[in-house]
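Step one of this worksheet: look at the structure below.
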Amino acid sequence: MENSPTLESLQAALDAQQAVFEMHQAMNVEVFYWWCTAIMLMIHAGFLAYEMGASRSKNALAAGIKNILAIALIIPAFYLFGWWIYNAFPTGFVPIEAAAALPWSTSMGPDVQDMGTGIFWAAFALFGATTGSILSGAVIERIRVSAFLILTIFLGGVVWIMAGAWGWHPDGWLLTKFGYHDVGASGVVHAVAGFFTLGVLMNLGARKGKFINGVPQIISPHSLPMTLIGLMMIIFGFFGFLGGCIIFNGGETGWTTIYGTPTNLSAFAFNTLMGFAGGIIGCYIATRDPFWTMSGGLVGIISVAAGLDIYSPSLAFIIAVCTGLVAVQFAKFLEKRGIDDAVGAVSVHGFTGVVAVVLVGVFAGGTPNAEGMPAISFVGQFVGAIVMGLMGFVPGYGLSFLLKKANSLRVPEACEDIGIDEVELLAKPYPEGRVPAMADLTTSDVPNKLANSET
Amino acid sequence: MGSSITTWENVSAYFTFADNPFALVLFAIGTAAIIVGLIISIIRHENAAFEKIK
């Protein structure tokens, strides 16, 4: 009888088990976002391959170096002010108290009691790096590396995260006033980055030789296979990105969206894959072009990302196919108006991101949000789409305009002729000979659908 | 020199200089200065490179 458990000893054992369970649950949260962050780095490996491949060989390394430096600068920038912006500006342009997110706060470093801040900061920093890299491909072969870095720090460390505070924060005014729904960041990342890029391209101008008497010319990638592999790597990385968009809660709650509504990875899995497949098919039908077909995978995922948690998978597939068809037309529309977007980023990210946000209002209007928030509506999504477009375009146009006026935006014409690699990097990507696919500026027998060669 | 703790009992933030806000501000300023300095150095490098091909 002496060894019989007492009520107190049973309670103590139960408490100990509970403490172990809670510690392991907190560790699982960390593990989940750790691997999401790691997988997101594959997006950057993909951007690296795809932008180097999309460049002519004389600019391949310059395209790569600006990509690498972008990640290296956006991460500390996001530590210095990006995380604080997210926490301080959910209500608009007036900051609220968020001292714990400042870089000299004790919350912003190793802390035995805090198993959340660092891992969420890391995921958001990689979201920022992805956003900044969306600009990168569009401006290849003529932007100064310094100008690009200034622009990408501003985009990845300030602009998108301000939009994120408004539309992707539990207290963001777009959510609290309009019921804005954008779980996979179609608006806060892709629309913002795409329209920021459009603003920059308007000031940067086209690559030399891209337009002759206003007619778009073909500037072929020096390695189309490298671009295709890079795009597939970006798709892989998207699974980390989208995994990072879902909230892994402790306790009994389980998975929720960033807006606090119930969801799970199964929902994300259905629609991510169906969107991916649909986008490829849509862009293939529209172009028969390998680069656009693979870009279609991105278009498809982005087109359904805003409603990833609520779409029926077949609807997601149809949305992705249709958006793929239209996104290609939007790229042609821009090109006919003299915009030289070397990789179609404005269309793939900006146009598709805006469409994705609006379509949630079309197909999912009336879906309730968390208690106390307005339901999803067409008007709310439409307002959100306009805000995201402007949030990207205005700063992108404004800052690139200032750089242009300072004669600091574009490399000199002679540098463009010789190639940025040789002039600025003193390096050659293929020093032992010509690459088989060395680009020819003036002629190509291979039609490029995007370049309107069929017209 | 920079340790902010003397024991692991009841520890919260334990990183170097966590107990010294002045040092943390200085490190943040240093980080910002490196970013700005790198961009300035790239601008100077570009200007010098472009000058050579004029």
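Per chain, numbering begins at 1; letters A, B, ... match sequence-line order.
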If you round to the nearest 0.5 Å, how far is CG of A:L69 from CD1 of B:I42?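 These two atoms lie 5.5 Å from each other.
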Distance in Å, A:I153 CD1 paired with B:I39 CD1, rounded so as to fall on 0.5 Å steps: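 Going from the CD1 atom of A:I153 to the CD1 atom of B:I39 covers 3.5 Å.
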Quick one: of B:H45, B:K54, B:K52, who has the most non-hydrogen atom pairs under 4.5 Å with chain A?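 If we count pairs closer than 4.5 Å to chain A, B:H45 comes out on top.
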Heavy-atom cut-off 4.5 Å, strictly under: side chain, backbone, both or neither for A:I418 against chain B?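 For A:I418, the contact with chain B is made by the side chain alone.
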For A:I420, is it the side chain, the backbone, both, or neither that has a heavy atom closer than 4.5 Å to a heavy atom of chain B?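 Neither part.
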Structural part of B:I40 lying under 4.5 Å from a heavy atom of chain A: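 Neither; nothing under 4.5 Å.
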With a 4.5 angstrom heavy-atom cut-off, is it the side chain or the backbone of B:N47 that approaches chain A, or both, or neither?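 Contact with chain A: backbone and side chain both.
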Does [X] [atom1] have over 12 foreign heavy atoms under 6.0 Å away?
X: A:N407; atom1: CG; value: no
X: A:F401; atom1: CZ; value: no
X: A:Q25; atom1: CD; value: yes
X: A:E416; atom1: CD; value: yes

Could you check whether any side-chain heavy atom of [X] comes within less than 4.5 Å of a side-chain heavy atom of [Y], counting everything from C-beta outward?
X: A:L80; Y: B:I35; answer: yes
X: A:V112; Y: B:Y14; answer: yes
X: A:T106; Y: B:S12; answer: no
X: A:W104; Y: B:P21; answer: no

Using a 4.5 angstrom heavy-atom cutoff, name the option from A:A72, A:S408, A:A414, A:G109 with the most pairs to chain B.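 Of the options given, most contacts go to A:G109.
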Can you tell me which of A:L426, A:L149, A:V411, A:L102 forms the most heavy-atom pairs within a distance under 4.5 Å of chain B?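 Top option by heavy-atom pairs under 4.5 Å: A:V411.
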Check B:F50 against A:C415 and note the closest heavy-atom contact, atom names and distance.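 For B:F50 versus A:C415, the nearest heavy atoms are CE2-SG, 3.6 Å.
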Run the side-chain contact (heavy atoms from CB on, under 4.5 Å) test on B:I43 and A:R144 for me, step by step, so that the C-alpha distance in whole Å, both residues' side-chain angles and the decisive distance to 0.1 Å come before the verdict. CA-CA 9 Å; B:I43 292 171; A:R144 284 177 70 145; 4.0 Å; yes
Does B:V11 offer a backbone N or O that forms a donor-acceptor pair with the side chain of A:Q113 under 3.5 Å?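 Yes; at least one donor-acceptor contact below 3.5 Å.
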Donor on one side chain, acceptor on other, A:S146 and B:E46, under 3.5 Å: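 The answer is yes; a qualifying pair exists.
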